[in-house]
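Have a look at the structure below, then the notes.
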Amino acid sequence: MQFMSTKAAFITGITGQDGSYLAEHLLDLGYEVHGLIRRVAFEQPEARLARILKIKDRLHLHSGSLESYPSLFQIFAKQKFDECYHLAAQSFVAESFADGFSTMSTNINGTHYLLAALRELQPKCRFYFAGSSEMFGKVHETPQRETTIFHPRSPYGVSKVAGYYLTMNYREAYNLFAANGILFNHEGPRRGVEFVTRKITTGVARIARGQSKELRLGNLEARRDWGDSRDYVRAMYLMLQQETSDDFVIATGETHSVREFCDLAFREAGLDYRDFVKEDEMFYRPAEVDLLVGDATKAHKILGWKPERTFPQLVSEMVQADLARLG
Ligand code: G4F
């Protein structure tokens, strides 16, 4: 049975994979759901609001930017929130090597502006920061847990470490309820096509439908702990329902290589990945994160959270969704 509530939540990154699933989850729980949207998104709703089009009429969308403190200040001055989920970021690791300055500026300043505006106007609002397993980077222990030392390997990873410590600092210095989720990779049919899982499943669909002959990828040996976004947004919500704010690793505890993902995804369409996948140095990163696998024991114990979907289910659903999209 679900608890009905009249709480108001504010989501940055509501148009993304996680934001759209979180918005649906909170609506189901009876929340009034608000989201931060760039002004241009209103001009191209089909493209920019695609993931939330079905629920758009039930949402309260506010125009503003993470790069503008005044725009956030104005939103918080007008509307009171019980919870703020900060998911928006430049989240593509490869892009952070291409333009580290924009990544740093959006990810670090954006987080700081939000925290500062909340402290000023709504110190009772609970804050969630989307930390990342990329913070572990060149891992110091396996599996990685809340106490594992950070060693980021990209400007993106560095920006997330900064956001993590800003969140912790506002908790300790100003007594804000501010929680860090250290989420390992999480995917689904709404994943952006630039990330490797969706790049593979759209590639499989195109090849299966005769629209393409090969799929060019980078490092096939990188290993990730891939979960399902719909499971992970439940964990975000649970973190803000606790008595005190804390930091939590959210992961499945399993690790698979990009090669294994390819193998499973091509097999789902009756194909052999070895006939189609070509390794291309263009997609290698200047510094790679070789292995990620998380230990979510703390989340199991304190949040009562467990992932519900398995890795094979995730791969199968993503491939089938892309096949269906192509008709
Ligand atoms: O799918 P990816 O681009 O995700 P990455 O870099 O692990 O980051 C994702 O997960 C993080 C959580 O750990 C988030 F914080 C972050 O925002 C993002 O959601 O790449 C996964 C792996 C990498 O090792 C990459 O080198 O796949 C390898 N890879 C191999 N070929 C490729 C490709 N990645 C991409 N994007 N494209 C390729 O062609």
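Side-chain atoms are counted along with the backbone in the values below, which use heavy atoms only and exclude waters and symmetry mates. Indexing begins at 1, ligand by ligand and atom by atom, following the structure's order.
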Query raised in the report: Closer than 4.0 angstrom: is that true for some heavy atom of Arg223 and an atom of ligand 1?
Result: no
Report summary line: So the atoms of ligand 1 within less than 4.0 Å of a heavy atom of Glu134 turn out to be 6 (O), 7 (O), 11 (C), 13 (O)
Requested in this report: Examine Leu87 and Val33 and state if one hydrophobic cluster contains both, with Ile, Leu, Val, Met, Phe, Trp and Tyr joined whenever side-chain heavy atoms are less than 4.5 Å apart.
Outcome: yes
Requested in this report: Determine, for Arg230 against Asp228, whether the closest basic-nitrogen to carboxylate-oxygen distance falls under 4.0 angstrom.
Outcome: yes
Query raised in the report: Of the backbone atoms (N, CA, C, O) and the side-chain heavy atoms from C-beta on, which set of Val93 has a member under 4.0 Å from an atom of ligand 1: side chain, backbone, both, or neither?
Result: side chain
Requested in this report: Kindly indicate whether a cation-pi arrangement holds for Arg190 with Tyr21, taking the cut-offs as under 6.0 Å to the six-membered ring centre and within 45° of the axis.
Outcome: yes
Query raised in the report: Which protein non-hydrogen atom lies closest to atom 13 (O) of ligand 1, naming both residue and atom, and how far is it?
Result: Ser133 OG, 2.4 Å
Query raised in the report: Hey, which atoms in ligand 1 end up nearer than 4.0 Å to a heavy atom of Arg191?
Result: 9 (C), 18 (C), 19 (O)
Query raised in the report: Is the cationic atom of Lys298 (NZ for Lys, CZ for Arg) positioned less than 6.0 Å from the six-membered ring centroid of Phe248 and within 45 degrees of its normal?
Result: yes
**Report entry** Tyr156-Phe184 co-clustered via ILVMFWY side chain contacts under 4.5 Å
**Finding:** no
Report task. Would you please classify the geometry between the His256 ring and the Phe311 ring as parallel, tilted or perpendicular, with 30° and 60° separating the classes? Result -> parallel
Query raised in the report: Under a 4.0 Å heavy-atom limit, does Tyr284 contact ligand 1 with its side chain, its backbone, both, or neither?
Result: neither
Report summary line: Note: ligand 1 atoms sitting under 4.0 Å from heavy atoms of Glu288 are 23 (C), 24 (O), 25 (C), 26 (O)
Query - Check ion pair Arg234-Glu308 (N to O, under 4.0 angstrom) - result: yes
Report task. Check the pair His86 / Tyr128 against ring-ring contact (aromatic ring centres under 6.0 Å, His included), numbers first and verdict last. Result -> CA-CA 6 Å; His86 177 33; Tyr128 170 84; 9.1 Å; no
Query raised in the report: Does ligand 1 have a heavy atom under 4.0 Å from the side chain of Phe283, from its backbone, from both, or from neither?
Result: side chain
Query raised in the report: Quick one: does NZ or CZ of Lys199 land under 6.0 Å from the six-membered ring centre of Phe283, within 45 degrees of the ring axis?
Result: yes
Report task. Have a look at ligand 1 and work out which part of Ala222, if any, has a heavy atom under 4.0 Å from it: side chain, backbone, both or neither. Result -> side chain
Query raised in the report: Short N/O distance, under 3.5 Å, between Trp226 and ligand 1?
Result: no
**Report entry** Non-hydrogen atom of Phe92 closer than 4.0 Å to ligand 1
**Finding:** yes
Report summary line: Any heavy atom of Arg153 under 4.0 Å from ligand 1? The part involved is neither
Query raised in the report: Short list, please: which atoms of ligand 1 are under 4.0 Å from a heavy atom of Ser132?
Result: 11 (C), 12 (C), 13 (O), 14 (C), 15 (F)
Query raised in the report: Side chains of Tyr85 and Leu240: does their closest heavy-atom pair fall under 4.5 Å?
Result: yes
Report task. Specify side chain, backbone, both or neither for Lys160, according to which of its non-hydrogen atoms lie closer than 4.0 Å to ligand 1. Result -> neither
Query raised in the report: Parallel under 30°, tilted from 30 to 60°, perpendicular over 60°: which one fits the rings of Phe127 and Phe129?
Result: parallel
Report summary line: for atom 4 (O) of ligand 1, nearest protein heavy atom and its distance come out as Asn185 ND2, 3.7 Å
Report summary line: Quick note on ligand 1: atoms under 4.0 Å from a heavy atom of Arg224 include exactly 7 (O), 21 (C), 22 (C), 23 (C), 24 (O)
Query raised in the report: For atom 6 (O) of ligand 1, what is the nearest protein heavy atom, given as residue, atom name and distance?
Result: Arg285 NH1, 2.6 Å
**Report entry** Ligand-residue contact atoms, ligand 1 with Ser91, heavy atoms, under 4.0 Å
**Finding:** 16 (C), 17 (O), 18 (C)
Query raised in the report: Is there at least one pair of N or O atoms, one from Gly218 and one from ligand 1, spaced under 3.5 Å apart?
Result: yes
Query - Residue, atom name and distance, where the atom is the protein heavy atom closest to atom 36 (N) of ligand 1 - result: Glu194 O, 2.9 Å
Report task. Would you indicate which of Val196, Leu292, Asp225, Thr197 comes nearest to atom 35 (C) of ligand 1 when only heavy atoms are counted? Result -> Val196
Report task. Tell me which protein heavy atom sits closest to atom 38 (C) of ligand 1, plus the residue, atom name and distance to 0.1 Å. Result -> Lys199 NZ, 3.8 Å
Query raised in the report: With the 4.5 Å side-chain cut-off for hydrophobic clustering, are Tyr232 and Leu27 part of the same group?
Result: yes
Query raised in the report: Taking the six-membered ring for Trp, is the centroid-to-centroid distance between Phe136 and His151 below 6.0 Å?
Result: no
